[in-house]
Amino acid sequence: MRLSRYFLPVLRDTPKEAEIVSHQLMLRAGMIKQSAAGIYSWLPLGVRVLDKIAAIVREEQNRAGAVEVLMPTIQSADLWRESGRYEAYGKEMLRIVDRHDRDMLFGPTAEEVITAIFRDCVRSYKDLPKNLYNIQWKFRDEIRPRFGVMRGREFLMKDAYSFDLTADAARQAYQRMFVAYLRTFARMGLKSIPMKADTGPIGGDLSHEFIILAETGESQVFCHKDLIEGAVPAADTNFDGDLSGIFADWTSKYAATEDMHDAAKFEADVPKDSRVSARGIEVGHIFYFGTKYSEPMGARVQGPDGQLVTTHMGSYGVGVSRLSAAIIEANHDANGIVWPVPVAPFEVGLVNLKAGDAETDKAANDLYAKLQAAGIEVLYDDTDERAGGKFATMDLIGLPYQLIVGPKGVKVGEAEVKDRRSGARDTLSMDAALARVIDGVTSQRVLV
RNA sequence: CGGAGCGUAGCGCAGCCUGGUAGCGCACUUGCUUCGGGAGCAAGGGGUCGGAGGUUCGAAUCCUCUCGCUCCGACCA
């Protein structure tokens, strides 16, 4: 993409309403634009990041055996009356009345919709297990939205729903998502830690929040430090097999958020020098809730003996739009964002330091064509801005590699490669610079 | 919803106390000079001062109401 044709409204100053660094940088880098409290437009750079994150989520959901659907944003209140949640949900639910005076709502979640789909379409235990997910915009009318897209009212969420014949089978479904989540976040360059979460009225040990550590995290978390560097399950993990070993590895050590924290147990179970107390951002939440919706909504299948069995359900959320901010919280420096390759809006920033100079243009155009031919996603700064501004913008938007071409280098057949994360700059021959960038990108596209 | 604060040009701000018809920096346009880490000079464009009432000869400024946004708290992917 040529920057001259792109839409990248970067800001030099930090808008005063932005409190945390990810919000500041997303505004400054031209990723988002606020439309109303907690509601944002996504500008081109932001859309690309959102798409990258969603693609990774999608791949890992598919790998784990979940199947994608797409459910509506606007739901009928009648469904929610069936589950009993229409009255229970409170003011967080945005209620809408259509022209026929029917009660509608902007979905804050989709248990009711998916349960209705399931009960209407599935009759036999032979069709189980099933796990259906969608990546869709949700709306929760938070009392106080804040921190940009981290706590917006409108947000993009992946939500999956599993249906099983028995509680034991549901446990396996839970573990499949558990493993998928470990992989999902690791692929984005994040170290996520599953932490015991409140299971509500169901009880048991089947609810975890996936937390990434960040100073600006909303909740205080406590865990064993080994979990920070825990082994991420491999890509060839057999999701049809027994995952209880992996699950046990990750859940045997202490990890809890503030509201589930047991200080006495923490001190008893974790050696003093292994105790981690930090701030965390919740990027995923999974839980098993049994027959909470399937019972009132009649999601039953016939078992082998011909008897109707109420299905056991679980649901599994990933905050896709929140992740874009969370990744920035974990990957930035004084100059701007530092994207991990797998979620970077572009993989390389090609900088023409003297647009309009025939020789420099020729060299830069050539590199641009070669990068594209190599399948690299490149943002080509072909504008006639001054060098300093170009460097500042590139650092701000945080593309993993900068390939810098100027008249001095062109004269001797050289270009400069800058690694955004390390800051290291190397002057190489054109071909070597090109190879360095291509190798760097391709080797980091898949982290686990 | 309770507490606090802020709305003046795209962004950051001054002016308000002590009313007199709007200003600074960046950004933007044009020209010249610069040109490898946010250049210099010159000339420009852009704002019904969030909105509505009121006081006054006169309101960005004073009063009342209202809307929006932000921060702290309770709530949450």
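Lettering of chains follows the sequences in order, A, B, ..., and the numbering in each one begins at 1.
Along RNA chain B, the nucleotide nearest His285(A) and the nucleotide nearest Ile143(A) are compared for position; the residue whose nucleotide lies closer to the 5' end is Ile143(A). Residue-to-nucleotide proximity on RNA chain B shows that, of Gly406(A) and Thr14(A), the 5′-proximal contact is made by Thr14(A).
A cation-pi arrangement is not found for Arg95(A) relative to Tyr89(A), the charged atom failing to lie both closer than 6.0 Å to the ring centre and inside a 45° cone about the ring normal. A cation-pi geometry, defined here as NZ or CZ lying under 6.0 Å from the six-membered ring centre and within 45° of its normal, does not hold between Arg171(A) and Tyr288(A). For Arg176(A) and Phe239(A), the positive end is not near the middle of the six-membered ring at less than 6.0 Å and at most 45° from its axis.
In terms of heavy-atom proximity, Val276(A) sits nearest to Phe266(A) at O-CZ, 3.7 Å.
Side chain of Glu92(A), nearest nucleotide from C1(B), C75(B), G36(B): C75(B). For Ala392(A), taking side-chain heavy atoms from C-beta onward, the closest of the listed nucleotides C13(B), C75(B), G38(B) is G38(B). Nearest to the side chain of Glu142(A), among A77(B), C11(B), G37(B), sits A77(B). Closest to the side chain of Arg322(A), out of G37(B), C71(B), A77(B), is A77(B).
In this structure, Ala18(A) reaches neither bases nor backbone, as no heavy-atom distance under 4.0 Å exists between it and the strands shown. Among the protein residues, Gly409(A) comes within range of the nucleic acid bases, having at least one heavy atom under 4.0 Å from a base atom. As judged by a 4.0 angstrom heavy-atom cut-off over every strand, Gly317(A) is placed among residues making no nucleic acid contact. At a threshold of 4.0 angstrom between heavy atoms, the contacts of Glu209(A) with the nucleic acid are absent. Counting non-hydrogen atoms under 4.0 angstrom, Glu17(A) reaches the backbone sugars and phosphates but no base. Lys33(A) comes within 4.0 angstrom of no nucleic acid atom, judged by non-hydrogen atoms across all strands. Among the atoms of the strands shown, none is found under 4.0 Å from any heavy atom of Lys158(A).
Ring-to-base geometry places Phe155(A) in a stacked arrangement with A77(B) (centre distance under 5.5 Å, plane angle under 30°).
Between the CZ atom of Arg28(A) and the C1' atom of G10(B) there is a distance of 15 Å, given to the nearest Å.
Proximity of Arg144(A) to the phosphate of C72(B): a side-chain N or O atom is located under 4.0 Å from OP1 or OP2.
The base of G10(B) does not come close enough to the side chain of Arg12(A) for any donor and acceptor atom to sit less than 3.5 Å apart. The base of U70(B) does not come close enough to the side chain of Arg146(A) for any donor and acceptor atom to sit less than 3.5 Å apart. Taking only distance into account, the side chain of Arg151(A) meets the base of C75(B) through a donor-acceptor pair shorter than 3.5 Å.
The base-pairing partner of G7(B), taking Watson-Crick or G-U wobble contacts with both distances under 3.5 Å, is C67(B).
Between Asn352(A) and the choices Asp357(A), Asp361(A), Thr360(A), Asp381(A), the side-chain hydrogen bond (donor to acceptor under 3.5 Å, both in side chains) rule is met once, by Asp361(A).
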